[in-house]
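Here's the structure we're looking at; comments come further down.
When a ligand or atom number is given, it counts from 1 through the structure's own listing order. Side-chain atoms are counted along with the backbone in the values below, which use heavy atoms only and exclude waters and symmetry mates.
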Amino acid sequence: MEKADEWQADSLWLGADVVTMQDGRYHTIRDGALAVKAGKLVWVGARADMPAFGAAQRHVFAGGIITPGLVDCHTHLVFGGDRSQEFEQRLNGISYAEIAAQGGGILSTVRATRAASQDELVSSARWRLERLLAEGVTTVEIKSGYGLDIESELRMLRAIRELNTSVPADLLSTCLAAHGFPPEYKHNPDGWIDIICQQLLPQVKAEGLADAVDAFCEHLALSPAQVARVFDQAKALGMPVKLHAEQLSAQGGAALAARYGALSADHLEYASEADVQAMAQQGTVAVLLPGAFYLLRETQRPPVELFRRYGVPMALASDANPGTSPALSLRLMLNMGCTLFGMTPEEALAGVTLWGAKALGLQQSHGSLEAGKVANFVHWPLARPAELVYWLGGNCPAVLSVAEKRYDILPFYPRQDPVAGQHSARRNAAYP
Ligand code: DI6
Ligand code: FE
């Protein structure tokens, strides 16, 4: 054909239905095809319409679905120690207050994180990250916030950057030094805000250690006025902001974040209609975190109906952290987003693809399968996308292509579709 020269690809991916998630909808292409060149999707459509490509490597599946690589846009995966002992103590009837009086809670993680070397932080986080990635996650945000002194915060951020060089996923780094107050500043909380603004953030910016700045706006953490000081400095340095807001109480944090043009406001159980309106106006994404809701046995649900009414995109994330959400499965969060929060499976999947990407400022390049975007995608041995949300746990082997890291197929998976035979029977039954 005359256009043959224009249709060049390194690899073609065929034989599965392609769930593009364009505009946050399934937009399923039956018997679809993807063409990849230099790490980017160059063609997405029905196999029957595919132009003739040159000498590309062909990967032919026997059925199944291909989705965008999943995005976990809110994690605290780097930390020292763990809090399984406190979890057990609480279930044996010891109260939070008693545990805190014994030096437990978030400060026990701060102690363990301060004591850990960068190598130790990297290797313990790698173990957790591998579990998350094994479920088809290809983009992960990780926050600092358990160092709460300059050196330990920088060490956490450097650990995230180091991990990024050695895992088959795109990792983004967020400075959350404003997660709370270090014990040394218990009686001078604004002194810690001064350190963050005057010393830490300028250094983080100079070393390129963070892609965004976050804070925890809560009665037991920062006040809205303290958050505003951190955000003023972040803006002055040209760093995007996001906020833990309205998790345990209504503080007006979500509206404040929106006023600063935040990428996202996260948690939001106690968000008001005014918060939601402000977020809608600024295009701030609502990041919902059912793992923490579940573990804290919270009963106030985030206002999903208001987010829908005002057109605020909803992302879903693991909030993986040692205290309130020791979650290593984004697929479980998909199910919880539906069962606990009333999201639809399509909204949940959009929450870990296109809207998760938007919450990281990556919606132009990630989160859906469209020509021009990075070729981060996953093949699942499933008949339809709702199955990703429906099954509770269980290993769900997937084949991934993570373009920017040039891992055609992750090492954990066999090169052939592991369940091709079984799967093609299922798919054919579903779509004769
Ligand atoms: N919200 C939370 O639920 C966690 N941090 C945050 O900002 C709590 C973190 C912890 O307990 O370690
Ligand atoms: Fe969090």
Side-chain angles (χ1 to χ4, degrees), residues 72-87 89-90 96-97 99-100 102-114 116 121 124-125 128 132 140-148 152-153 156 160 172-183 212-223 226-227 230 241-249 251 253-254 257 262-271 285-298 300 302 315-328 330 333 336 356 359-360:
D72 192 348
C73 67
H74 179 143
T75 86
H76 309 246
L77 274 170
V78 169
F79 54 84
D82 72 74
R83 307 235 291 278
S84 55
Q85 220 183 346
E86 286 178 21
F87 174 73
Q89 282 178 312
R90 287 205 308 276
Y96 270 110
I99 293 169
Q102 293 161 13
I106 191 166
L107 289 182
S108 73
T109 300
V110 170
R111 272 196 308 279
T113 303
R114 286 179 176 181
L121 290 176
S124 66
R128 298 185 278 268
L132 198 71
V140 184
E141 182 256 23
I142 308 180
K143 304 171 194 295
S144 70
Y146 287 114
L148 300 188
S152 305
E153 285 294 313
M156 288 185 78
I160 298 165
L172 281 87
S173 163
T174 297
C175 180
L176 178 59
H179 195 188
F181 298 103
V213 173
D214 195 352
F216 187 18
C217 186
E218 195 51 70
H219 59 77
L220 46 72
L222 276 77
S223 68
Q226 289 166 329
V227 172
V230 174
V241 298
K242 57 175 85 176
L243 189 64
H244 285 69
E246 270 68 56
Q247 179 186 7
L248 307 169
S249 62
Q251 304 275 324
L263 291 170
S264 68
D266 304 35
H267 287 288
L268 299 170
E269 278 82 343
Y270 290 84
V285 176
V287 177
L288 307 185
L289 305 167
F293 174 94
Y294 164 78
L295 209 90
L296 294 171
R297 302 189 211 197
E298 178 60 68
Q300 169 99 9
L316 262 176
S318 69
D319 196 16
N321 79 65
T324 60
S325 189
L328 300 178
L330 198 56
M333 300 302 116
M336 285 183 171
L360 299 175

- Message: Counting only heavy atoms closer than 4.0 Å, does ligand 1 sit against the backbone of His267, its side chain, both, or neither?
- Response: side chain

Return the residue, atom name and 0.1 Å-rounded distance of the protein heavy atom closest to [atom].
atom                    : value
atom 11 (O) of ligand 1 : Arg83 NH2, 2.8 Å
atom 1 (N) of ligand 1  : Gln247 OE1, 3.1 Å
atom 12 (O) of ligand 1 : Tyr146 OH, 2.6 Å
atom 7 (O) of ligand 1  : His244 CD2, 3.0 Å
atom 6 (C) of ligand 1  : His179 NE2, 3.4 Å
atom 4 (C) of ligand 1  : Thr324 OG1, 3.7 Å

- Message: Under 2.8 Å from the Fe ion (ligand 2), can any N, O or S atom of His267 be found?
- Response: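 No, since none of the N, O or S atoms of His267 sits under 2.8 Å from the Fe ion (ligand 2).
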
- Message: If the cut-off is 2.8 Å, does any N/O/S atom of Asp266 fall short of it from the Fe ion (ligand 2)?
- Response: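 Within the cut-off used here (under 2.8 Å), Asp266 places no N, O or S atom near the Fe ion (ligand 2).
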
- Query: What orientation do His267 and His244 show, parallel under 30°, tilted 30 to 60°, or perpendicular over 60°?
  - Reply: tilted

- Evaluate the ring planes of Phe216 and His179, with Trp represented by its six-membered ring, and classify them as parallel (under 30°), tilted (30 to 60°) or perpendicular (over 60°). tilted

So, [X] side chain and [Y] main chain: donor-acceptor pair closer than 3.5 Å or not?
X      : Y      : value
Asn321 : His76  : no
Ser144 : Cys175 : no
Glu141 : Thr75  : yes

- Message: Is it the case that over 12 heavy atoms from other parts of the model lie below 6.0 angstrom from the CD atom of Gln102?
- Response: yes

- Query: Nearest to the Fe ion (ligand 2), which N, O or S atom of His74 do we find?
  - Reply: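 Nearest N/O/S atom of His74: NE2.
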
- Message: Can you tell me which N/O/S atom of Asp319 has the shortest distance to the Fe ion (ligand 2)?
- Response: OD1

- Message: Please give me the minimum heavy-atom distance between Ser124 and Phe79, naming the atom from each residue.
- Response: OG-O, 3.5 Å

- Among the heavy atoms of Asn321, does any lie under 4.0 Å from an atom of ligand 1? yes

- Mind running side chain to side chain contact (heavy atoms under 4.5 Å, CB included) on Asp266 and Gln247 for me, showing each step along the way? CA-CA 8 Å; Asp266 304 35; Gln247 179 186 7; over 6 Å; no

- Task: Please identify which atoms of ligand 1 are closer than 4.0 Å to at least one heavy atom of Gly323.
- Result: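 Contacts of ligand 1 toward Gly323, numbered from 1: 10 (C), 11 (O), 12 (O).
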
- Task: Given side chain to side chain donor-acceptor pair (under 3.5 Å), test Glu218 with Tyr270 step by step and report yes or no.
- Result: CA-CA 11 Å; Glu218 195 51 70; Tyr270 290 84; over 6 Å; no

